[in-house]
J.: 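What follows is a single structure, and I will ask about it in a moment.
What's counted below: heavy atoms across the whole structure, side chains too, no hydrogens, waters or symmetry copies. In what follows, every chain begins at residue 1, and chains take the letters A, B, ... in the order their sequences are listed.
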Protein chains: 2
Amino acid sequence: MTRETGGGRVLEHPEPAAIRLEGVLHALADPMRLRVVCELASAESELSCSYFDLPVTKSTTTHHFRVLRESGVIRQFYRGTAKLNALRRDDLAALFPGLLDAVLEAAGKEEARLGV
Amino acid sequence: MTRETGGGRVLEHPEPAAIRLEGVLHALADPMRLRVVCELASAESELSCSYFDLPVTKSTTTHHFRVLRESGVIRQFYRGTAKLNALRRDDLAALFPGLLDAVLEAAGKEEARLGV
DNA sequence: TCCATCGTACGAGGGTCACCGTAGTACGAC
DNA sequence: GTCGTACTACGGTGACCCTCGTACGATGGA
């Protein structure tokens, strides 16, 4: 079995029924957070916070991950000193079918359109 | 032909290439604006600003319509004293396929889920 | 035990946002 | 020209958001 360490540190997550569309859209409307979500989507496995090399400080990174978690977009849990992050694909697909995929595709298209 | 009055009053709209995903998501993340977009989508024809009965003052309503226009979500033009509003369905569908439909469907589902 | 790593909590600054009230402009009807 | 309707521009206010620096806690390994 997978041993989950992290001790008594518990993270609050909204239940599916408490996830609000406005909150999800607001969470995705920030460039940093959208970037995190895109990387999580393409990774297909949990990624630690330190995996991401965002052009902001650690405290700002913590803030963005908290917004994503509290809006219901990602799920977070501890393993040792690391905090792992995963998209809540199933919950989002049940609440807002096609929304996450459309946003991810749009982000990919926009990156191709604007990127070098 | 349809005579468009409104004279010298010209409204700035972003070209499709200038529409940014973050801006669109931010515009849709506000309850008032999401409500406007849903009503425009179900109307299937232009609606004047005064058609909407939002629980805010007129100046705030003007602000929200301006955000929607400048983010590229709606198109506005004058006809007489009225200012008409229409969704930029084609432009959005070309840039972000499926995004608008997914958001509209999600908004409908959420209203049914939370509503009376 | 001591340390390095990883992430958090807190406070603060600077900017943006949503909202309002008032004053004003553009248009059509008379 | 005058009036009413529709909307705008402007200024202001309080709240929120993104960002940071610093100090702190929690974990695992030497």
J.: Side chains of B:T60 and B:T57: donor-acceptor distance under 3.5 Å anywhere?
T.: yes
J.: Quickly work out the B:M32 CE to C:dA18 P distance and round it to whole Å.
T.: 11 Å
J.: Name the atoms and distances for all side-chain donor-acceptor pairs under 3.5 Å in residues 23-31 of chain A, with sequence neighbours left out.
T.:
residue, atom, partner, partner atom, Å
A:D30, OD1, A:M32, N, 2.9
A:D30, OD1, A:R33, N, 3.3

J.: Taking CZ from B:R33 and P from C:dC19, how many angstroms apart are they, rounded to a whole number?
T.: 8 Å
J.: Rounded to the nearest 0.5 Å, how far apart are CD1 of A:I74 and CG of A:L40?
T.: 6.5 Å
J.: Just the rounded figure in Å: distance from C1' of C:dG7 to CG of A:L47.
T.: 16 Å
J.: Is A:R35 reaching over with its side chain to a backbone N or O of A:L54, donor-acceptor style, under 3.5 angstrom?
T.: no
J.: Which pair of non-hydrogen atoms, one from A:A94 and one from B:K109, has the smallest distance, and what is that distance?
T.: O-NZ, 3.1 Å
J.: Taking only residues at least two apart or on different chains, which pairs with a member in residues 86-100 of chain B satisfy side-chain hydrogen bond (donor to acceptor under 3.5 Å, both in side chains)?
T.: B:R75-B:D91, B:R88-B:D91
J.: Using the ring-ring contact (aromatic ring centres under 6.0 Å, His included) criterion, which residues pair with A:Y51? Sequence neighbours excluded.
T.: none
J.: What is the distance from atom CG of A:L11 to atom CD of A:E70, rounded to the nearest 0.5 Å?
T.: 10.0 Å
J.: Calculate the interatomic distance between B:R35 atom CZ and C:dA18 atom P; express it in whole Å.
T.: 16 Å
J.: In degrees rounded to 10°, what angle is found between the helical axes fit to the five outermost pairs at each end of the helix from C:dT1-D:dA30 to C:dC30-D:dG1?
T.: 20°
J.: Between C1' on C:dT25 and CG on B:L11, what's the gap in Å once rounded to a whole number?
T.: 14 Å
J.: Heavy atoms from C-beta onward define the side chain here; which of C:dG7, C:dA26, D:dC18 lies closest to that of A:H26?
T.: D:dC18
J.: Is there a donor-acceptor contact under 3.5 Å from the side chain of A:H64 to the main chain of A:T62?
T.: no
J.: In whole angstrom, what separates A:Y78's OH from D:dG25's C1'?
T.: 10 Å
J.: Can you tell me how far the CG atom of B:L104 sits from the CG atom of B:L87, to the nearest 0.5 Å?
T.: 7.0 Å
J.: Checking side-chain hydrogen bond (donor to acceptor under 3.5 Å, both in side chains) against B:N85, which of B:R69, B:Q76, B:E39 comes through?
T.: B:Q76
J.: Enumerate the residues from residues 53-62 of chain B whose closest heavy atom to DNA chain D is under 4.0 Å, giving them by residue number; use none for an empty result.
T.: B:S59, B:T62
J.: Output the rounded distance in Å from CG (A:L28) to P (D:dC18).
T.: 12 Å
J.: Of the residues in residues 63-76 of chain A, which ones touch DNA chain D at a heavy-atom distance under 4.0 Å?
T.: A:H63, A:H64
J.: Starting at NZ of A:K83 and ending at C1' of C:dG7, how long is that distance when rounded to a whole Å?
T.: 7 Å
